Amino acid sequence: MGRKQNVEMADDPEYTMFTDYLEEENRLSYATKKSYRTSYRKLRGLLGKNIADTAQDTTSKAIMASTDNINSAQALINIAIIVREKIKKMPIDELVEQRTTNKGEVTEHLKQANLFTELPSLEELDHFIETLWKKGMYRDYICNYLIRHHYVRNQDLIFDICETKRETLDDPDKNWLWLDRKKMCVHYIRNTYKTAKTYGQKTVKIDNERFLRAVKVCNRQMYCFPLTTEPDKIGYWVQKLTLNQLGEGAMLKIIINHYRGDIQRLKEISMSRGTNLEVLLTSYNITYSD
């Protein structure tokens, strides 16, 4: 039996226009759309009326007074901006100004949090991945290998294994591990990931012998992949597979911190992940400071 659907505000005109807009935005993941819908309902409850019928300064003040969590405030401001700008074509200058002001506080909070973040070393991470290999935990090994060496996000790890190129072409909206037995390698093909609209399809040839063997084994054990068919659950499954259940984001921090003085490697990570270099340096470098 599937999860009960949230039908709150199902017949509300503004909410209907908002959800229609989300469905038309193909760049948004399932999890993002779900989060936006939740934030919309929260903001409507806070304002007590349509978002578009509420003045910008009133909306900003209500949001900032409702929470001490600056990230939560930013999420609600973004919803108000979407409704006014994208749906109603209304001015958003005051909301944008408040969001810009908040960004400085978000950055400062992030820096302070990063200063006190204690993470394992890259050597410990590599030892963990080595242990996965030795124990024959091939599914876990594959996912950790891809995070470690190709710097991927959770969503990138929703993929199927196939043995022909045609399968990857027949379903170009999925991510694939194409087991190319002729060339004795694996082609990792990412069509669906967070910044796909900006960077397009990403394909990399992986000829690492261990990785190839792990993929072959998992291909025979058909239950291994995909990790989940529910995109909003992928973070949970990936976290369970990682060192100390740190998750993908913390693993990237370990990697970025290790290579923080190697700008060429950081550029490679940026390109492979599909993330702006500045974002890597500010959001994932635990020793970052201006």
Side-chain angles (χ1 to χ4, degrees), residues 1-3 29-31 34 120 122-194 196 201-252 254-255 269 272-274:
M1 182 177 180
R3 180 183 296 181
S29 68
Y30 173 87
K34 181 180 178 181
L122 187 63
E123 289 76 15
E124 291 174 277
L125 176 57
D126 286 339
H127 176 73
F128 170 73
I129 297 174
E130 176 74 13
T131 300
L132 293 177
W133 170 258
K134 290 180 177 178
K135 289 183 176 180
M137 300 172 67
Y138 296 127
R139 182 182 67 167
D140 302 44
Y141 174 81
I142 288 171
C143 293
N144 280 276
Y145 180 96
L146 292 174
I147 296 172
R148 167 63 178 92
H149 296 288
H150 298 283
Y151 322 108
V152 298
R153 301 178 180 86
N154 290 331
Q155 186 179 5
D156 306 45
L157 296 171
I158 302 179
F159 54 73
D160 281 332
I161 300 175
C162 66
E163 295 192 33
T164 66
K165 184 176 182 179
R166 176 171 294 279
E167 289 178 80
T168 71
L169 298 176
D170 287 343
D171 200 341
D173 294 324
K174 292 174 63 174
N175 299 327
W176 296 97
L177 289 185
W178 166 26
L179 180 56
D180 189 341
R181 296 184 182 276
K182 182 178 180 181
K183 296 183 178 180
M184 294 299 292
C185 68
V186 174
H187 303 275
Y188 180 33
I189 303 170
R190 285 180 283 163
N191 293 304
T192 300
Y193 62 100
K194 184 176 181 180
Q201 184 193 75
K202 284 189 171 293
T203 302
V204 62
K205 176 183 175 182
I206 304 174
D207 56 10
N208 178 277
E209 291 184 10
R210 286 185 171 185
F211 188 83
L212 179 61
R213 175 179 169 79
V215 173
K216 286 180 178 178
V217 173
C218 286
N219 189 41
R220 292 196 297 268
Q221 300 172 348
M222 297 179 64
Y223 64 87
C224 290
F225 295 105
L227 287 176
T228 179
T229 57
E230 300 178 82
D232 60 327
K233 299 290 195 307
I234 187 60
Y236 166 79
W237 289 108
V238 172
Q239 185 174 22
K240 287 185 65 176
L241 302 179
T242 55
L243 173 62
N244 299 335
Q245 297 192 8
L246 287 170
E248 162 266 316
M251 283 182 65
L252 185 65
I254 293 171
I255 296 167
I269 294 172
S272 179
R273 183 176 172 86

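In this chain, residues are counted from 1 in sequence order. Just so we're clear, the structure is a prediction, and the values are computed from it rather than from any experiment.
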Verdict with reasoning, T228 to Y236, per side-chain contact (heavy atoms from CB on, under 4.5 Å):
CA-CA 10 Å; T228 179; Y236 166 79; over 6 Å; no

Stepwise side-chain contact (heavy atoms from CB on, under 4.5 Å) test for K233 and L227
CA-CA 9 Å; K233 299 290 195 307; L227 287 176; over 6 Å; no

Yes or no on side-chain contact (heavy atoms from CB on, under 4.5 Å) for Y138 and Q221, after CA distance, side-chain angles and deciding distance?
CA-CA 10 Å; Y138 296 127; Q221 300 172 348; 5.6 Å; no

What's the verdict on side-chain contact (heavy atoms from CB on, under 4.5 Å) for W133 and R213, showing C-alpha distance, side-chain angles and the deciding distance?
CA-CA 10 Å; W133 170 258; R213 175 179 169 79; 3.5 Å; yes

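When atom types are taken as modelled, the side chain of R153 and the backbone of G274 share a donor-acceptor pair closer than 3.5 angstrom. A distance-only check finds a donor-acceptor pair linking the side chain of T192 to the backbone of D173 [under 3.5 Å]. Using modelled atom types, one side-chain atom of N144 and one backbone atom of L241 make a donor-acceptor pair closer than 3.5 Å. A distance-only check finds a donor-acceptor pair linking the side chain of N191 to the backbone of K174 [under 3.5 Å]. R273 places a side-chain N or O within donor-acceptor distance of the main-chain N or O of Y151, the cut-off being under 3.5 Å. The main-chain N or O of K165 is found under 3.5 Å from a side-chain atom of T168 such that the two form a donor-acceptor pair.
Looking at T229 and I158, their side chains never come closer than 4.5 Å, going by heavy atoms from C-beta outward. Proximity of L177 to I142: side-chain heavy atoms (C-beta onward) are separated by under 4.5 Å at one or more points. Annotation: side chain of H150 is in contact with side chain of L146 (closest heavy-atom distance under 4.5 Å). Counting heavy atoms from C-beta outward, V186 and W178 have side chains that stay 4.5 Å or more apart. The shortest distance between side-chain heavy atoms of R148 and L122 falls below 4.5 Å. With contacts defined as side-chain heavy-atom distances shorter than 4.5 Å, the pair P120/L246 qualifies. You'll find the side chain of I189 reaches within 4.5 Å of the side chain of Q201, heavy atoms only. Between K216 and R181, some side-chain heavy-atom pair lies under the 4.5 Å cut-off.
We find the CD-CG distance between Q239 and N244 to be 11.0 Å, quoted to the nearest 0.5 Å. I206 CD1 to Y145 OH: the interatomic distance, rounded to the nearest 0.5 Å, is 5.5 Å. Going from atom OG1 of T242 over to atom CG of L132 covers 10.0 Å, rounded to the nearest 0.5 Å. Atoms CG and CD, on L243 and E124 in that order, are 7.0 Å from each other to the nearest 0.5 Å.
The ring pair (Phe, Tyr, Trp, His ring centres under 6.0 Å) test applied to Y188 returns no partner, not counting sequence neighbours. Looking at residues two or more places apart in sequence or on another chain, you find a ring pair (Phe, Tyr, Trp, His ring centres under 6.0 Å) between F159 and F225.
Summarising the geometry of R190 relative to D156, their closest heavy-atom pair is NH1-OD2, 2.9 Å, with the distance given to 0.1 Å. When every heavy atom of P172 is checked against every heavy atom of L169, the shortest pair comes out as CD-O, 3.5 Å. Between C224 and R139, the closest heavy-atom pair is O-CD, 3.3 Å. Nearest heavy-atom pair across I147 and E248 is CD1-CB, 4.2 Å. In plain terms, the two heavy atoms of N154 and G235 that are nearest each other are ND2-CA, 3.6 Å.
Counted within 6.0 Å of NZ on K202, heavy atoms from surrounding residues, nucleotides or ligands total more than 12; the atom is thus considered enclosed. Counting heavy-atom neighbours within 6.0 Å of E123 CD, excluding the residue itself, gives a total above 12. At most 12 non-hydrogen atoms from other residues, nucleotides or ligands lie less than 6.0 angstrom from CH2 of W237.
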